[in-house]
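Structure first, then comments.
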Amino acid sequence: MTNSIQAWRSAIVHSVADPADVGIDASYQYFEDGLLVVENDKIIAVGESKELLPIYQDKADITTVEHGLITAGFVDTHIHYPQTGIIGSYGEQLLDWLNNYTFPAEGEFHDKDYARKVADVFLKELLRNGTTTALVFGTVHKESVDAFFEACETHNLRMICGKVMMDRHAPDFLVDTEESSYQDSKALIEKWHEKGRLHYAVTPRFAPTSTSEQLTQAGELLQEFDHLYLHTHLSENQQECEWVSSLFPESKHYLDVYDQHKLLSERSVFAHGIHLCDDEYHRLHDTGSAIAFCPTSNLFLGSGLFRLNKAEEHKVNVGLGTDVGGGTSFSMLQTISEAYKVIQLQGEKLSPFKSLYLATLGGAKALRLENKIGNLAVGTEADFVILDYHATPLLTFRLDQSKTLDETLFVLMTLGDDRTIARTYSAGKCVHSRDS
Ligand code: GUN
Ligand code: ZN
């Protein structure tokens, strides 16, 4: 007979606070020979094996993990599932990349069967990479969001998605209207928002593709329903920023366009935020809004270097985003690796514990889900990953030389990718196993 309590004996590390607030040492817990105990979908204990085994060895089915490390499932705070098929498209910066690659690809998502096929590929890729929660763009078509949420339900994933609102400056086959975007978004909210582990995000693409009237409607939706997210792009590319100034001459700056339409809130997530002025950081902080830092995308599209120190200075919430398909990897480990390089280019350091925080608890905080996901605290949902120290010959060889947890984590984050994810669990169930 199997027990309803499951436990994993392994090295365990998880983030408990932002190193910027409490210092590195108080920002994480590490159990060299740890035990993670799960009952149904929740974590009921985490700690040293020698303390927990006497309590649980007769009550739990225990799996011993060899040469592995357990941590929380990764949280990707900005990604586009319809762009899975155009990841790695050559040669353009943002505005041409949108016109030449993105818009044609997104045009296919009126077909729900096609959307479901892509959603299945996309979710499989997220889980192969250890990502258990993401804030996801659909397309302008409501079918794209139905297909996505239906696919999420089959794995019981905590996911956030929304239909793109876009009523100008895009091809005819990809624009909605002020009225249809409001009605379609509302119908999707009523159908999906807070159904099980799913949440809805009101998703105007970015300021240039919405009229002021449409942005006003987006703000009204946020007033009408509780706990909705607002998900959009902000200040990614210089030409984009100039375009926004010319389209909204009455706004003080880019963020002010969203502010004037009442789109800043504790559940607002702005992707990129590269070219921001101090006043924009202040407003992000004052409203509890968050930025998704998307390093692989920012480098690939030549957008610029995100200034993490500015965000920290102004106490703005930050999560990490892959931004696939502008970003080049689904792997949050690879995303961390590129984040490190973006920070290096500014003469600073990104510690592996800050990276762990950004990829897990920081992302959960940006999404206001830190009481449910983001670490392995007792009472939270059992979304976690098992990382394999022996994923590749090089990793085995390199980690053999490692003397500290810092070094081990940093090497995992620098060399790691999908091969490093041995297993992914969502709500206590295995949703990806690399070797089976
Ligand atoms: N700005 C507006 N749309 C997009 C998009 O699809 N990707 C990125 N990276 N930036 C955007
Ligand atoms: Zn994006």
Side-chain angles (χ1 to χ4, degrees), residues 76-89 91-109 118 122 126 134-141 144 160-171 174-176 181 201-210 214-215 218 229-244 247-248 254-255 257-258 263 268-276 290-306 319-330 335 338 342 363 366:
D76 185 339
T77 58
H78 179 65
I79 188 165
H80 301 251
Y81 100 82
Q83 296 174 14
T84 304
I86 56 147
I87 186 170
S89 291
E92 308 293 5
Q93 293 212 353
L94 178 65
L95 300 179
D96 291 330
W97 175 83
L98 285 173
N99 287 319
N100 295 346
Y101 298 115
T102 312
F103 291 156
E106 293 192 8
E108 303 300 317
F109 285 71
V118 178
F122 172 86
L126 282 188
L135 174 57
V136 182
F137 258 67
T139 64
V140 75
H141 316 95
S144 72
I160 313 168
C161 185
K163 177 205 114 62
V164 168
M165 302 173 81
M166 170 155 75
D167 65 349
R168 63 170 174 170
H169 297 141
L174 219 52
V175 286
D176 54 15
S181 70
V202 174
T203 309
R205 178 170 218 114
F206 66 157
T209 48
S210 288
Q214 187 174 56
L215 295 176
Y229 291 90
L230 182 283
H231 186 196
T232 190
H233 297 91
L234 170 72
S235 203
E236 173 179 7
N237 166 290
Q238 288 288 6
Q239 276 176 298
E240 170 210 12
C241 293
E242 286 158 24
W243 195 19
V244 172
L247 291 170
F248 296 92
Y254 196 153
L255 187 69
V257 176
Y258 298 134
L263 299 179
S268 298
V269 179
F270 297 96
H272 310 300
I274 296 174
H275 312 285
L276 300 178
I291 303 180
F293 168 24
C294 305
T296 76
S297 168
N298 297 162
L299 295 171
F300 185 71
L301 295 178
S303 304
L305 303 178
F306 178 68
L320 270 184
T322 59
D323 194 28
V324 166
T328 51
S329 175
F330 280 83
T335 303
E338 298 303 290
V342 165

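The figures that follow rest on heavy atoms only: side chains count, while hydrogens, waters and symmetry mates do not. Read the numbers this way: they start at 1 and go in the same order the structure lists the ligands and their atoms.
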Do Val257 and Leu215 have side chains that get closer than 4.5 Å, going by heavy atoms? yes
Mutual orientation of the aromatic rings belonging to Tyr258 and Tyr254 [parallel < 30°, tilted 30-60°, perpendicular > 60°]: tilted
Any idea how Phe122 and Phe330 line up, ring-wise: parallel (<30°), tilted (30 to 60°), or perpendicular (>60°)? perpendicular
For the Zn ion (ligand 2), which protein N/O/S atoms are closer than 2.8 Å? His78 NE2, His80 NE2, His233 NE2, Asp323 OD1
Might you list the protein residues in contact with ligand 1, defined as having a heavy atom under 4.0 Å from one of its atoms, sorted by chain and number? His80, Gln83, Leu94, Trp97, Leu98, Arg205, Phe206, His233, Glu236, His272, Asp323
Applied to residues 92-101, the salt bridge (charged side-chain N to carboxylate O under 4.0 Å, His left out) test, sequence neighbours excluded, yields none
With sequence neighbours excluded, residues passing side chain to side chain contact (heavy atoms under 4.5 Å, CB included) with Ser89: Ile86, Trp97, Tyr101
Asp176 side chain to Met166 main-chain N or O, any donor-acceptor pair under 3.5 Å? yes
Can you tell me how the ring of His80 sits relative to the ring of Phe137, calling it parallel under 30°, perpendicular over 60° and tilted otherwise? tilted
Quick check against the 3.5 Å criterion: does Thr322 have a side-chain atom that pairs as donor or acceptor with the backbone of Gly327? no
Have a look at Tyr81 and tell me which of Thr139, Val136, Leu126, Val324 forms a side chain to side chain contact (heavy atoms under 4.5 Å, CB included) with it. Val136
